[in-house]
Participant: 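First the structure, which I've put down as C-alpha cells, then a few questions once you've had a look.
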Amino acid sequence: MGDEIDGFTRSVSEAPPTHYTVKIQSFSLLLKNSVEKYESGDFEAGGYKWKLVLYPAGNKSKNVKEHISVYLAMENTSSLQHGWEVYAVFRLFLLDQNKGNFLILQDAMGIERRFHRLKLEWGFDEFIPIKAFNDASNGFLLEDTCVFGAEVFVSKERSTGKGECLSMIKDAPSIKHVWRIDNFSKLRSECCDSQVFNSGDQKWKIQLYPTGRRHGTGTHLAMYLALADSTTLTPGSKIYAEFTVRLLDQVQARHIAGKANFWFSASNPESGWARYVSFAYFNNPGNGCLVKDVCSVEAEVTVHGVSNAL
C-alpha cells in the first residue's frame, strides 16, 4: 500500500491493469485540437460494461486546474433493471515508462463506490498534477505518449483484458473535395452521394437530401459528411475529424458553410445538418446556390485522431 491523501491511496505496482489499457500517442495534440474530454471504448468487468473518461487539462465542470482528471464510468446501463445499483472497488493506472511500473490511484481503505442511474461515474478530479505528468523524469509522458489503465472488481469474476490506442495526428492535412451536381431538379433519390474522396487514410462522401431529412423534410436541404464504408472499420475504432461543408455561391462567392467536429465510427458514420439551408434561400436565383440547374458543394476534412483496438 502507498500513501493516503485526501481520501485516496497512491501506490506503485509492476502488474499491469487487469481489465483495460488506453495508450495515447501525440497526447499534446488532444488540447490543441479541442479534445477537452476523451472517452475510451467500453470493456467488461464483473458482468458490466465500463469506460475510462479522461480530461487532459482537468474537468472544467468541477473547476479543476493544473491537474489531469480521470474517471471510471458505467456504460450500456439502459438494459439494466429499474432501480439497479452496482457496488465496485476500482483502481486507475498510469504507466511510468522509465521504470516499467504503474502509479495506481484508488479510494482509501478499499471503499466500494455505488454506481446507479444518477451516479454513473466515479474517479479522481486531481488524478495527477499536469506539471508532474509532463516531467520526463517521472516517465509518465515520454515522446508525447502515455498509457492509462483500469481494474474494476464488482465480484470475484474477472474478464479478459481489452485495450485501445488513440493516435493524434500532428500537422494533419486539410483535404478539400468539390461535388458538382448537374440537373438538380431531376434528382429523385431520397439521398444523393458524392464521389468518394480520401482524407486521413479514410474514405469519405458528402450526402445531400434534396427534399430534406428528419425535422427539415419539406423545408430545407439536408447535408452530411459520412464515412464511405463504415463496415471496413475494426470494432471499437473511432475517427476524430474536423470538417466544413460549403454550398458554393456561383455568382458572388458568398458561400454557406457549416463546420463541426465529430467522432465517426461504425455506429455513428455520419454528421451534419438536417436543416442546412431553406428551399426558399436555395432556389432564389440571386443567392447563386442553383444556377442553370447546377449546384456545387465543397467538403473540407481534417482527420485529427484515430482510436483503434489493441
Participant: Are Glu66 and Lys131 packed together at the side-chain level, in the sense that at least one heavy-atom pair is separated by less than 4.5 angstrom?
Facilitator: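 They are not in side-chain contact.
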
Participant: Following the transitive rule for hydrophobic clusters with a side-chain heavy-atom cut-off under 4.5 Å over Ile, Leu, Val, Met, Phe, Trp and Tyr, establish whether Tyr48 and Leu92 coincide in one cluster.
Facilitator: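 Linked, Tyr48 and Leu92 end up in one cluster.
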
Participant: Going by the angle between their ring planes, with limits at 30° and 60°, are His177 and Phe197 parallel, tilted or perpendicular?
Facilitator: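 The arrangement is parallel - the two ring planes meet at less than 30°.
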
Participant: Any side-chain donor-acceptor pair under 3.5 Å between Glu242 and Thr302?
Facilitator: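 No - no donor-acceptor pair under 3.5 Å links their side chains.
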
Participant: If you measure from NE2 on His67 to CG on Asn59, what distance do you get to the nearest 0.5 Å?
Facilitator: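 These two atoms lie 13.0 Å from each other.
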
Participant: Please say which of Asn198, Val303, Val196, Ile175 ends up in a side-chain contact (heavy atoms from CB on, under 4.5 Å) with Trp204.
Facilitator: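 With Trp204 as partner, side-chain contact (heavy atoms from CB on, under 4.5 Å) holds for just one option, Val303.
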
Participant: Hey, does Phe140 have a side-chain heavy atom less than 4.5 Å from the side chain of Cys146?
Facilitator: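 Result no, sub-4.5 Å side-chain heavy-atom pair not found.
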
Participant: Treating Tyr276 as the side-chain partner and Val245 as the backbone partner, does any N or O pair qualify as donor plus acceptor under 3.5 Å?
Facilitator: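 Answer holds: yes.
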
Participant: Is there a path of hydrophobic side-chain contacts, each under 4.5 Å between heavy atoms of I/L/V/M/F/W/Y residues, joining Leu94 to Leu54?
Facilitator: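 Yes, it is one cluster - the side chains of Leu54 and Leu94 are joined through contacts under 4.5 Å.
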
Participant: May I ask whether Phe93 and Phe90 are part of the same hydrophobic cluster, defined by side-chain heavy atoms of I, L, V, M, F, W, Y residues being less than 4.5 angstrom apart, directly or through others?
Facilitator: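 The answer is no; the residues belong to distinct hydrophobic clusters.
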
Participant: Donor-acceptor pair, distance only, cut-off 3.5 Å: does the side chain of Asp144 make one with the backbone of Ser28?
Facilitator: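 Indeed, once roles are kept as given, a pair shorter than 3.5 Å links the two residues.
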
Participant: Flag the pair Phe127 / Phe148 as yes when at least one side-chain heavy-atom distance between them is below 4.5 Å, and no otherwise.
Facilitator: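 Yes, at least one pair of side-chain atoms sits under 4.5 Å.
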
Participant: Nearest 0.5 angstrom please: Cys192 SG to Ile206 CD1, how far?
Facilitator: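 The CD1 atom of Ile206 is 12.0 Å from SG of Cys192, to the nearest 0.5 Å.
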
Participant: Applying the salt bridge (charged side-chain N to carboxylate O under 4.0 Å, His left out) criterion to Lys51, which one of Glu75, Glu121, Glu164 satisfies it?
Facilitator: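 Only one option passes, and that is Glu75.
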
Participant: Would you find more than 12 non-hydrogen atoms of other residues, nucleotides or ligands less than 6.0 Å from Glu190 atom CD?
Facilitator: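 No, not enclosed.
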
Participant: Would you find a donor on one side and an acceptor on the other, under 3.5 Å apart, between the side chain of Asn284 and the backbone of Gly286?
Facilitator: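 Yes; at least one donor-acceptor contact below 3.5 Å.
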
Participant: Side chains of Trp84 and Met74, heavy atoms from C-beta outward: is any pair under 4.5 Å?
Facilitator: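 Yes, at least one pair of side-chain atoms sits under 4.5 Å.
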
Participant: Any side-chain heavy atom of Val70 sitting closer than 4.5 Å to one from Phe124?
Facilitator: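 No; the side chains remain at least 4.5 Å from each other.
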
Participant: For Val64, is there any backbone N or O sitting under 3.5 Å from a side-chain donor or acceptor partner on Asp125?
Facilitator: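 Side chain of Asp125 to backbone of Val64, a donor-acceptor pair under 3.5 Å: no, none is there.
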
Participant: Parallel, tilted or perpendicular: which describes the rings of Tyr209 and Tyr224, with under 30° parallel and over 60° perpendicular?
Facilitator: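 Answer is perpendicular, since the angle exceeds 60°.
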
Participant: Are any non-hydrogen side-chain atoms of Leu248 and Glu298 less than 4.5 angstrom apart?
Facilitator: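 Side chain of Leu248 against side chain of Glu298, heavy atoms only: contact under 4.5 Å found.
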
Participant: Start with the C-alpha gap between Leu30 and Leu166, add the side-chain angles, then the distance that decides, and say whether side-chain contact (heavy atoms from CB on, under 4.5 Å) holds.
Facilitator: CA-CA 10 Å; Leu30 286 171; Leu166 170 64; 3.8 Å; yes

Participant: Given Phe282 and Cys295, is the side-chain contact (heavy atoms from CB on, under 4.5 Å) satisfied, shown in steps?
Facilitator: CA-CA 10 Å; Phe282 178 76; Cys295 72; 4.2 Å; yes

Participant: Going by heavy atoms in the side chains, are Ile68 and Ile130 under 4.5 Å from each other?
Facilitator: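 They are in contact (side-chain heavy atoms under 4.5 Å apart), so the answer is yes.
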
Participant: Which heavy atom of Ala136 sits nearest to which heavy atom of Asn98, and what is that distance?
Facilitator: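 Shortest heavy-atom separation between Ala136 and Asn98 comes out as O-ND2, 3.0 Å.
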
Participant: Please say yes or no: joined through hydrophobic side-chain contacts below 4.5 Å, possibly via intermediate residues, are Val152 and Val147 part of one cluster?
Facilitator: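 No.
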
Participant: For Glu143, does its backbone N or O pair with a side-chain atom of Gln97 as donor and acceptor, under 3.5 Å?
Facilitator: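 Absent.
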
Participant: Work out which heavy atom in Asp249 is nearest to a heavy atom in Gly288; give both atom names and the distance.
Facilitator: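 Heavy atoms of Asp249 and Gly288 come nearest at OD1-CA, 3.4 Å.
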
Participant: Are Val22 and Phe133 in one and the same hydrophobic cluster, where Ile, Leu, Val, Met, Phe, Trp and Tyr link if side-chain heavy atoms are under 4.5 Å apart?
Facilitator: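 As far as the 4.5 Å side-chain criterion goes, Phe133 and Val22 are connected within one cluster.
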
Participant: Pick out which of Arg114, Arg113, Lys119 makes a salt bridge (charged side-chain N to carboxylate O under 4.0 Å, His left out) with Glu85.
Facilitator: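 In the set Arg114, Arg113, Lys119, the residue that makes a salt bridge (charged side-chain N to carboxylate O under 4.0 Å, His left out) with Glu85 is Arg114.
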
Participant: If you compare all heavy atoms of Gln25 against all heavy atoms of Ser167, which two are closest, and at what distance to 0.1 Å?
Facilitator: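 Nearest pair, atom of Gln25 first, then Ser167: OE1-OG, 2.6 Å.
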
Participant: Return yes if some donor-acceptor pair links the side-chain N/O of Asp96 with the main-chain N/O of Leu103 below 3.5 Å, else return no.
Facilitator: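 Not a single qualifying donor-acceptor pair exists.
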
Participant: Measure up the His19 and Phe43 rings against each other and bin them: parallel (under 30°), tilted (30 to 60°), perpendicular (over 60°).
Facilitator: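 Answer is parallel, since the angle falls under 30°.
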
Participant: Quick one: does Glu151's side chain have a donor or acceptor within less than 3.5 Å of a partner on Thr18's backbone?
Facilitator: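 A pair under 3.5 Å: yes.
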
Participant: Between Thr77 and Arg117, is the side-chain contact (heavy atoms from CB on, under 4.5 Å) condition met? List the steps.
Facilitator: CA-CA 8 Å; Thr77 58; Arg117 184 173 62 88; over 6 Å; no

Participant: Run Trp50 and Phe115 through ring pair (Phe, Tyr, Trp, His ring centres under 6.0 Å) and show every step you take.
Facilitator: CA-CA 11 Å; Trp50 310 85; Phe115 293 81; 5.1 Å; yes

Participant: Could you tell me which non-hydrogen atom of Ser69 sits nearest to which non-hydrogen atom of Gly58, and how far apart they are?
Facilitator: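 Scanning both residues completely, I find the closest heavy atoms to be OG-CA, 3.5 Å.
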
Participant: Using 0.5 Å steps for rounding, measure from the NE2 atom of His304 to the CH2 atom of Trp263.
Facilitator: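 Result: 10.5 Å between the selected atoms.
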
Participant: Give the minimum heavy-atom separation between Ile111 and Ala108, together with the two atoms involved.
Facilitator: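 Distance-wise, the nearest heavy atoms are CG1-O, 3.0 Å.
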
Participant: Before you tell me yes or no, could you show the steps for Ser237 and Asn308 under side-chain hydrogen bond (donor to acceptor under 3.5 Å, both in side chains), namely the whole-Å CA-CA distance, both residues' side-chain angles and the distance that decides it to 0.1 Å?
Facilitator: CA-CA 5 Å; Ser237 293; Asn308 291 306; 2.9 Å; yes

Participant: For the atom pair CD1 (Ile128) and CG (Leu105), what is the distance rounded to the nearest 0.5 Å?
Facilitator: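 Interatomic distance, Ile128 CD1 to Leu105 CG, rounded to 0.5 Å: 8.5 Å.
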
Participant: With side chains defined as the heavy atoms from C-beta onward, is the minimum distance between Ser271 and Phe264 less than 4.5 Å?
Facilitator: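 The answer is yes, as the side chains (C-beta and beyond) meet within the 4.5 Å cut-off.
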
Participant: Atom CG of residue position Asp201 - does it have more than 12 heavy atoms of other residues, nucleotides or ligands inside 6.0 Å?
Facilitator: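 No, the 6.0 Å shell around CG holds no more than 12 heavy atoms from other groups.
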
Participant: For the residue pair Leu233 and Ala266, what are the closest heavy atoms and their distance?
Facilitator: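 Of all heavy-atom pairs spanning Leu233 and Ala266, the closest is CD1-N, 3.7 Å.
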
Participant: Taking atom NZ of Lys203 as the centre, does the number of heavy atoms from other residues, nucleotides or ligands within less than 6.0 Å exceed 12?
Facilitator: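 Atom NZ in Lys203 is not packed in, count stays at 12 or less.
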
Participant: Do the rings of Tyr55 and Tyr71 sit parallel, tilted or perpendicular, given the 30° and 60° boundaries?
Facilitator: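 Ring orientation, 0 to 90° scale: perpendicular.
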
Participant: Are any side-chain N or O atoms of Gln207 and backbone N or O atoms of Leu225, one a donor and one an acceptor, separated by less than 3.5 Å?
Facilitator: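 Flag not set: sc Gln207 to bb Leu225 has no pair under 3.5 Å.
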
Participant: Are Tyr240 and Tyr38 an aromatic pair by the rule of ring centers under 6.0 Å?
Facilitator: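 Between Tyr38 and Tyr240, which both carry aromatic rings, the centre distance is not below 6.0 Å.
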
Participant: To the nearest 0.5 Å, tell me how far Lys170 NZ sits from Lys32 NZ.
Facilitator: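 Spacing of NZ (Lys170) from NZ (Lys32) equals 7.0 Å.
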
Participant: Does Trp273 have its ring centroid less than 6.0 Å away from the ring centroid of Phe243?
Facilitator: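 Between Phe243 and Trp273, which both carry aromatic rings, the centre distance is below 6.0 Å.
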
Participant: How many angstroms lie between atom CZ of Arg254 and atom SG of Cys289, to the nearest 0.5 angstrom?
Facilitator: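 Answer rounded to 0.5 Å: 9.0 Å.
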
Participant: Has Thr232 got a side-chain atom pairing as donor or acceptor with Asp229's backbone, closer than 3.5 angstrom?
Facilitator: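 Yes; at least one donor-acceptor contact below 3.5 Å.
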
